[in-house]
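Written below as structure tokens is the structure these notes are about.
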Amino acid sequence: MSRSFVTHLECGYSGERYDAGIVQTVSAAGKPLLVRYDLGAIARAVDRDAISARSGGFWRFRELLPLADRRHELHLGEVTTPLVRLARSEPRGGALFVKDESRLPTGSFKARGVGIAVAKAKELGIGHIAMPTNGNAGAALAAYAARAGIRATVFCPADTPDVNVREIAAQGAAVYRVPGLIDECGRIVGEGKKALGWFDLSTLKEPYRIEGKKTMGLELAEQFDWRLPEAIFYPTGGGTGLIGMWKAFAELAALGWATGPLPRLFAIQASGCAPIVRAFERGERHAEAWRDAQTIAAGIRVPAALGDFLILDAVRESAGAALAVDDAAIVAAQQRVAHDEGLLLCPEGAATFAGWQLARKRGLVAADARVVLFNCATALKYPLPEAAATFARGDSFERLRSR
Ligand SMILES: *Cc1c(COP(=O)(O)O)cnc(C)c1O
């Protein structure tokens, strides 16, 4: 048993208060709801070292999470994801790390947000969840819903790789391909929830996925001994992680647990789908939907984000930037890091490396900065370059001499 330190929910746009004790979706203004805590009571109840001494991945931060009863936690072997240093790539005097989120259940950081949100849905008595997905969120939903004994229905864009669709189905969810992109899948979930009473777990259309993604910021603070790094590069789709980490840093500062300046946040998008970058460059607070979105980095192929203003606020308040990189730069970054460092990044993760290179070139990050890139999913769920050479007994070894 435990207690919840949640005081209320708050519209991220208007600040209007909502009851956290009942099922909530978005605010009356149609904007994301943020979870607020009694931080003073948390500071009196627990200290950061006690949390660090616990095991159990993101569930360790339970005082800063929304569950009222620990019995609703859903465990699939969550780990604190490692910071892998890229010593061959970093500039002299600097430190470049990848936070490798591929080690989480279902192979992506979607496990954080979806794990917490499904557990909270279970606590609130929800029986059937639906979601649009580019793949990874649906896989996490299928797994955690199976764990919770909740039904799950998932809609993917028609061109979602087979491996993602099969993974979702294998974990017991009903999964459908939809002609169109993620926004079309979202429309279908919206209509289905009216027709069939599903609970919609779409990005930022319920309050709790942000809380799960927030744990990336909490873990980072802990891993850097509570002195946050100077810059974070985050592959930005719906922006849950960026918004969540910025919220985490504010909570850590209020608790007095993190000291020193806050990190600068760099939102990285693909140049074939860069609505946040366009709005950032134009000085706007909301991002117009991107037309004909196209990129190999499917996780950030998100033409319109409900939390656009929260992403843009966080990037600007942190003195960061929003930057776009093209697919060729993503592929080059993926190959370079795999060859030089032995770490295979997913395309979205590789985009952050390319984004960091661009930021260095533009003089936006100092050589001696401690920088964190996010590898958000396992590369093994994506098509990899062809490797079809054969070698049979009896073939000449001469041609292998230089390989
Ligand atoms: C969902 C996803 C993203 C984008 O994350 P947001 O926090 O929603 O912006 C990036 N990369 C991968 C692999 C994803 O699955």
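Worth saying up front: this structure is predicted, and the values here are computed from it rather than measured. First listed ligand is number 1; within each ligand, the first listed atom is number 1.
Counting only residues at least two apart or in different chains, ring pair (Phe, Tyr, Trp, His ring centres under 6.0 Å) contacts with residues 40-63 comprise Trp59-His75.
Taking the ring centroids of Phe374 and Phe353, they lie at or beyond the 6.0 Å cut-off. Aromatic ring centres of Phe233 and Phe97 lie farther apart than the 6.0 Å criterion allows.
Here Glu341 pairs with Ser89 under the side-chain hydrogen bond (donor to acceptor under 3.5 Å, both in side chains) rule; sequence neighbours left out. Taking the side-chain hydrogen bond (donor to acceptor under 3.5 Å, both in side chains) definition, one finds that Ser318 meets it with nothing, sequence neighbours left out.
Among protein residues, Phe109, Lys110, Asn136, Lys213, Tyr234, Pro235, Thr236, Gly237, Gly238, Gly239, Thr240, Gly241, Gly299, Ile300, Glu348, Cys376, Ala377, Tyr382 come within 4.0 Å of ligand 1, judged on heavy atoms.
Relative ring orientation between Phe309 and Tyr13 is described as perpendicular, the plane-to-plane angle rising above 60° on a 0-90° scale split at 30° and 60°.
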